[in-house]
Structure formats: structure tokens, C-alpha cells
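Whatever order the structure lists ligands and atoms in, that order sets their numbers, starting from 1. Please read all numbers here as calculations on a predicted model, not as lab measurements.
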Amino acid sequence: MNSLDPKIGDCRPRIRQLDNAAINRIAAGEVVERPASAVKELVENALDAGARRIDISFADGGKTLIRVQDDGHGMTPEDLPLALARHATSKIDGSDLLAIHTFGFRGEALPSLGSVGRLTITSRAEGHEGARVLVDGGEISPVAPAALERGTIVELRDLFHTTPARLKFMRTDRAEARAIVDVVKRLAMAEPYVTFILHDVSGDTQGRQVFRADAQNGELFDAMRGRLSRVLGHEFAQNALPVDAERDGFHLTGYAALPTYSRASAVAQFMFVNARPVRDKLLIGALRGAYADFLHRGRHPAAALFIGCAPQLVDVNVHPAKSEVRFRDPGIVRGLIVSALRHALAEAGHRASTTVAGAALGAFRAPDGPARVYQMDRPSDRPSPGALRAGFQAQSPGFGEAPVSGRVEPIADDRETRDHPLGAARAQLHENYIIAQTADGMVIVDQHAAHERLVYERLKARLADNDIPRQALLIPEIVELSASDQSRLLEFSDELERLGLVIEAFGSGAVAVRETPAVLGQTDARALLLDVLDELADQGSSRTVRDRIEAVLSRMACHGSIRSGRRMSADEMNALLREMEATPHSGQCNHGRPTYVELKLADIERLFGRR
Ligand SMILES: Nc1ncnc2c1ncn2[C@@H]1O[C@H](COP(=O)(O)OP(=O)(O)OP(=O)(O)O)[C@@H](O)[C@H]1O
Ligand SMILES: [Mg+2]
């Protein structure tokens with residue numbers, strides 16, 4: 001580089017062997033990025049040691065103190081110096097890097113921490129005396145006896161005091177503390193049978209408990225639900241569906257929230273591979289794919305998903321902090337996630353999130369009103385697969401035209417409302433809201449949103465059978481377009497034909513619409529075509545053909561929906577309610593908004609201060 005420098009011969013760099021302290025500090029640079037990464041390493045070690053209870057304390061965002069105590073199997077006095085030696089581990093023998101059953105395997109974390117902070121390890125293994133070892137800036141002190149019941153205490157003080165440059169990159173105490181809480185919560189999600197307690201001991205105070213999750217017991221799904229409720233909140237647990245599916249050696253478990261419980265960013269997406277928290281594009285992409293059909297682009301699903309597999313099927317040794325993994329066959333994992341989640345969402349039928357009604361109640365309530373306690377779980381009202389089929393086959397041409405009749409028995413008296421989760425229609429307000437009485441409350445339906453969803457689900461069912469009936473226009477509608485729009489539409493014309501929309505080129509820069517999907521009824525062909533075009537333009541080319549087709553279907557469904565502002569007869573309203581009950585996903589519209597809100601009598605009574 002500096003070949004013009006006349007002194008080049010004098011200062012030719014020499015190759016040197018670095019000493020251990022420097023080697024460890026370099027390794028620490030990768031493994032220990034911030035206090036939270038130290039906490040992660042120490043808690044993972046505790047879990048690997050079979051701990052049932054882990055107590056974690058930190059001060060000043062973890063910069064001055066991190067302390068992790070566990071009741072695991074501990075270490076003998078002879079093992080202590082080894083634990084601090086680089087590449088010394090009890091977890092693998094080095095013969096097979098693909099047979100990893102523990103969080104740790106590199107034998108790197110403790111020596112790295114010992115090189116960038118003051119580290120004290122006190123430990124006691126069963127049948128041995130307790131012992132302590134200290135290491136500061138890479139200097140290891142002799143092992144000394146120490147009193148301890150069982151397990152291990154690791155204390156790390158003054159992190160990065162040997163690497164001031166790294167210290168400068170630390171964020172505020174509050175930000176570092178938040179990162180520590182996040183790390184502990186993630187690990188706590190993966191280990192529901194272990195107790196986690198986290199204290200902030202900054203200053204001279206006794207310390208403040210910032211998180212606590214007591215060990216769950218019982219069956220896995222109950223334990224998982226209990227733990228997720230503790231970490232992510234009751235609302236998540238109440239609105240989440242269990243997921244349990246297997247394919248080709250991969251087992252997917254966890255909970256995924258209803259689309260109406262979506263978030264404005266991806267903050268509530270947690271993925272684990274063999275209990276290891278990972279941030280993996282493939283997995284997040286699969287999660288998004290599974291919900292693509294139910295959520296507007298700006299909304300993000302909430303889920304905690306656990307993938308279990310033989311260690312040979314996944315390489316965890318691809319990232320210094322082990323937060324990324326590489327699957328031997330990513331396609332299987334993606335397919336498993338997408339199909340399992342879609343199945344779980346379909347099973348949930350027309351359920352909408354409890355938060356919807358909760359939020360509505362909150363809005364109604366006087367400021368000092370009674371506390372909200374709301375529950376809308378109705379596992380028993382899932383439609384059977386047979387019922388779904390029947391619903392699709394016996395459909396009427398659509399609510400847009402003739403009043404619905406014959407298909408559904410009108411509800412004769414209140415006793416029958418008990419058999420119908422969405423109740424009996426009692427009134428229509430503002431030409432868009434149907435009020436129905438249920439066995440123990442009332443339901444308010446947004447008729448436009450609900451109908452849009454029903455039309456969409458019908459179209460999708462027909463599409464699956466390759467049988468979307470079309471109706472020919474008496475006079476083809478000619479739509480003028482730009483040349484690029486024309487070619488974009490024509491490129492997709494085969495797919496559009498499968499969807500019931502038949503178009504062809506009409507000179508340069510125009511398209512003739514010849515047939516439209518019958519389910520949409522009388523529709524404005526021009527507006528429909530422009531909407532489809534918008535959808536195609538929005539999507540870019542990244543999505544799969546199937547995704548694109550479904551998105552186009554969803555747009556088309558809008559055109560066939562009863563617009564708000566149309567009066568409906570009692571029969572029509574009841575028919576709509578019955579079809580919602582029989583249709584999967586009818587609890588939210590195509591944009592993830594709810595299609596109905598339910599208020600229980602008890603809630604109504606609370607609104608009036610009767611309870
Ligand atoms: N809390 C603990 N209880 C019992 N043994 C422990 C504990 N922490 C560490 N050890 C022992 O010390 C060894 C070294 O720990 P260290 O974290 O440095 O490496 P590792 O966990 O084996 O691998 P990695 O660097 O991937 O974390 C471990 O293999 C384990 O035998
Ligand atoms: Mg470790």
C-alpha cells in the first residue's frame with residue numbers, strides 16, 4: 001500500500017504469536033458483545049448444568065456486576081481451572097460437531113469473560129468440597145476452598161475494563177438492562193420447567209426484582225402456555241393457538257396468536273431450534289408466509305415456535321453467538337411451519353381476538369369504571385371439516401343480489417340461539433352493523449368486513465377445486481391502460497382466468513374484460529381490473545405465484561362484498577351469521593381487522609356498574 005514510502009524495508013511487519021490473554025480478548029470480541037451476551041452465556045451454562053432454579057443479578061446495566069447462581073451439578077475443584085482454559089469443555093468430545101445437545105460446546109465463554117472482566121467462579125459438585133477461582137484480565141488465581149451448598153455462582157465485575165474501546169460502545173444502563181431482560185425472557189420461554197429470577201441490584205439498595213418466572217409443571221403444552229403467559233402476557237396466551245406438527249424428523253410446537261392479535265412490528269416473534277433462541281430469516285419468513293393471507297402488510301403476527309430435531313439436521317456452529325442456524329433441508333422446515341400454522345388458524349374458525357372486545361369495552365367504560373376481565377374462549381364451537389364443505393357447496397349466489405333463503409333455517413326462538421355461537425340477528429344499525437343476541441351476551445358484526453371474508457373464503461375453496469364459476473359480460477368492458485400495465489396484466493392472464501377473470505389484449509394499451517367471477521355478482525369490471533393491477537404492482541416479484549394469486553383473490557373479494565349502507569332482511573342477516581360460523585378465518589377480514597366483537601352479559605353488566 002505504501003510502496004512510495006522509502007523506509008519500507010525498515011518497518012516490514014513481523015509475524016508474532018499472540019499470547020493467551022490477547023487471544024481470549026479477541027474471541028471475547030465476538031462472543032461478548034455487551035452485558036446481555038455475558039448473561040446469555042452464563043445462563044446457558046447453568047441450563048446445561050441441569051439447573052432447576054437460576055438467580056440472576058446485575059448492576060448498572062450489567063456493566064459493573066453480573067451474577068448468576070444455579071443449583072445445577074456444579075464443578076469439582078480440579079475442574080475449575082479447566083473451565084477457564086480455552087477450548088476446554090465437558091459438552092462435546094470433538095469427534096462429531098453435529099451431535100450437539102447442549103447450549104454450549106466451544107469451551108470459549110468463560111475464558112473470554114475472564115479476559116475482559118473480573119470473573120469469580122464458586123462451585124460445588126456432589127460429593128466434593130466447594131471451591132473458588134478468580135481470573136482478572138486473563139490472570140488466573142489458585143483454586144481456594146469456599147463454602148457453598150450446591151451448584152455454581154459466577155460473578156463478573158467491571159466488564160470490558162480491559163478493553164476501553166468496547167466500553168465506549170455500551171449504551172445507557174437502561175438500554176443494557178433492557179437487553180438483559182430480553183435475553184433472560186427468551187431463555188425462560190424455552191425452559192418452562194426452570195425457575196428464573198432476575199434482580200437489578202444497582203446502587204446500595206436491596207435490589208429490585210425485574211422478572212420472575214416460577215417453574216411450571218405438568219404436561220408440556222400447559223407448561224409452555226403458562227410460561228408464555230408469564231413472559232408475553234396473559235393476552236398473548238389467551239389469544240394464542242397451540243401448534244403441534246411433525247414432518248420428516250422435525251417437530252414443531254408452540255403457540256401462534258390469532259391474526260386479530262397482530263402487532264405493528266415484529267416484536268412478538270420468537271423462534272427456537274432445539275430450545276436455542278435464534279433469529280433466523282428463514283423461520284421469520286415462513287411465519288410471515290403462513291399469515292400472509294390474514295394480515296395487512298403493515299401488521300405482524302405474534303408467535304413463539306419451537307422446532308425440535310435431531311442435532312444432525314441442523315448446524316448450530318455458524319454464528320459466534322449461536323443465534324443463527326443452518327438447516328440441512330430448509331424447505332422442509334419452511335413447509336412445516338406454513339402448513340402447521342395455516343392448519344391451526346383454520347381450526348380456530350371464526351374466533352376473533354379477545355383484545356378486540358376488550359379494547360371496545362375499555363372505550364365504553366367510564367374512567368373510574370370496574371376493572372376489565374374478559375374471556376372469549378369457545379373451543380367447542382369449531383366447525384367440523386364436514387360442516388365446512390357443506391357450507392361451501394350449498395352456497396347462494398351471494399348476498400349482493402337476491403335475499404338468501406332455503407339454505408339456513410331462520411331462528412325461531414331464543415332457545416335456539418344457544419346452538420349458534422354468533423346468536424340470532426336482532427337489528428341492523430347504520431346500515432352496516434348487525435346486532436345479534438347470543439346465549440350469554442351479544443355480538444356486533446361489521447357486515448361489510450364479514451362478507452368480504454366469506455366471499456374470499458368461498459373463492460379460495462373454489463380455487464382449490466379449480467372451479468371458480470364465471471359469468472360472461474354482455475358487452476366486453478374495454479379498459480385503457482399504459483403499455484406496461486397491459487403487459488403486466490396479460491402476463492398473469494392464465495392465473496386470472498383460473499380466478500374467474502377472463503381478459504385479453506385489445507389493441508395496444510388496452511384490455512378487454514370478457515368474464516368475471518360469478519360470486520362477485522354485478523361488479524364494476526373496470527374498477528376490479530384496476531385493483532388487481534394495483535395488487536400485482538404492490539407485490540413485486542418476490543412472492544410465490546400462490547401468494548400472489550391469494551392476494552389478488554383477496555382484492556377481488558372486496559368487490560363482491562355487501563357495501564356498508566345496504567339494508568338486510570332478518571333472514572339475510574341470520575344467513576350471514578350462520579355462514580360465518582361455518583367458515584374458517586371468518587373472525588377477521590382480509591386485512592386482519594375483526595369482523596365481529598362479542599360482549600358477554602357479564603361485561604355489559606359491568607359497564608353499568610351492576611357487578
Ligand atoms: N454453571 C455451571 N455449572 C457447571 N459447570 C459449568 C458451569 N459453567 C461452566 N461449566 C463448565 O465449564 C466449562 C466451560 O464453560 P464455557 O461456557 O466456557 O464453555 P462451554 O459451555 O463448554 O462452551 P461455549 O463456549 O460454547 O459456551 C463447561 O463445559 C462446563 O463443564
Ligand atoms: Mg458455555
ask   = Between S115 and T162, does a side chain to side chain contact (heavy atoms under 4.5 Å, CB included) hold up when you go through it step by step?
value = CA-CA 8 Å; S115 73; T162 60; 5.9 Å; no
inquiry  = Does L287 form a side chain to side chain contact (heavy atoms under 4.5 Å, CB included) with M271? I'd like the steps, not just the answer.
reply    = CA-CA 10 Å; L287 175 63; M271 303 285 178; 3.7 Å; yes
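Here the closest non-hydrogen pair linking A190 and A275 is CB-O, 3.3 Å.
Relative to the ring axis of F105, K322 places its NZ or CZ within 45° and under 6.0 Å from the centre.
The heavy atom nearest to atom 31 (O) of ligand 1, out of those in S112, S90, G151, is found in S90. Between atom 25 (O) of ligand 1 and the options E108, K40, E41, the minimum heavy-atom separation is to E108. Nearest residue to atom 24 (P) of ligand 1 from R106, H73, Q69, K91 is R106 (criterion: closest heavy atom).
Around the Mg ion (ligand 2), protein atoms of type N, O or S found under 2.8 Å number 1.
Residue-ligand proximity, A83 to ligand 1, at heavy-atom distances under 4.0 Å covers atoms 12 (O), 14 (C). Each of the following atoms of ligand 1 lies closer than 4.0 Å to a heavy atom of G104: 21 (O), 23 (O), 24 (P), 26 (O), 27 (O). Heavy-atom contacts of F105 reach the following atoms of ligand 1: 23 (O), 24 (P), 26 (O) (cutoff under 4.0 Å). Per-residue contacts place K322 under 4.0 angstrom from the following atoms of ligand 1 (heavy atoms of the residue considered): 24 (P), 26 (O), 27 (O).
A donor-acceptor pair shorter than 3.5 Å can be found between the side chains of N317 and R106. Residues R132 and T122 have side chains that bring a donor and an acceptor to within less than 3.5 angstrom of each other. At a cut-off of 3.5 Å, with distance as the only test, a side-chain donor of R247 or S339 sits close to an acceptor on the other residue. Side chains of T76 and H128: no donor on one and acceptor on the other come within 3.5 Å. With 3.5 Å as the limit, one finds a donor-acceptor pair spanning the side chains of K91 and N45.
Annotation: atom 1 (N) of ligand 1 to nearest protein heavy atom, D70 OD2, 2.9 Å. Closest to atom 23 (O) of ligand 1, if we only count protein heavy atoms, is G107 N, 2.9 Å. With respect to atom 15 (O) of ligand 1, the closest heavy atom belonging to the protein is L110 CD1, 3.7 Å. Among all non-hydrogen protein atoms, the one lying nearest atom 17 (O) of ligand 1 is N45 ND2, 2.8 Å.
The closest side-chain heavy-atom distance from D222 to L220 is not below 4.5 Å.
No more than 12 heavy atoms of other residues, nucleotides or ligands shown are found within 6.0 angstrom of CZ on R279.
Contacts of V68 with ligand 1, taken as heavy-atom pairs under 4.0 Å, are absent altogether. Contacts with ligand 1 closer than 4.0 Å are made by heavy atoms of both the backbone and the side chain of T89. Here M75 has side-chain heavy atoms under 4.0 Å from ligand 1, and that is the only part of it that gets that close. Of all the heavy atoms of E44, none lies under 4.0 Å from any atom of ligand 1, so neither backbone nor side chain is involved. Under 4.0 angstrom from ligand 1, the non-hydrogen atoms of A49 all belong to its side chain.
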N/O donor to acceptor pairs below 3.5 angstrom from side-chain atoms of residues 248-259, sequence neighbours left out:
residue: H251; atom: NE2; partner: D244; partner atom: OD1; Å: 2.7
residue: Y255; atom: OH; partner: F221; partner atom: O; Å: 3.1

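Residues forming a ring pair (Phe, Tyr, Trp, His ring centres under 6.0 Å) with F306 (at least two apart in sequence, or on another chain): F272.
Formation of a donor-acceptor pair under 3.5 Å by the R230 side chain with backbone atoms of R212 is found in this model.
At least one heavy atom of P111 sits closer than 4.0 Å to an atom of ligand 1. Not a single heavy atom of G72 sits less than 4.0 Å from an atom of ligand 1.
For the side-chain hydrogen bond (donor to acceptor under 3.5 Å, both in side chains) condition, the pairs that include at least one residue of residues 163-177, sequence neighbours left out, are R34-E176, K63-D173.
Checking only distances, F103 never comes within under 3.5 Å of ligand 1, N or O to N or O.
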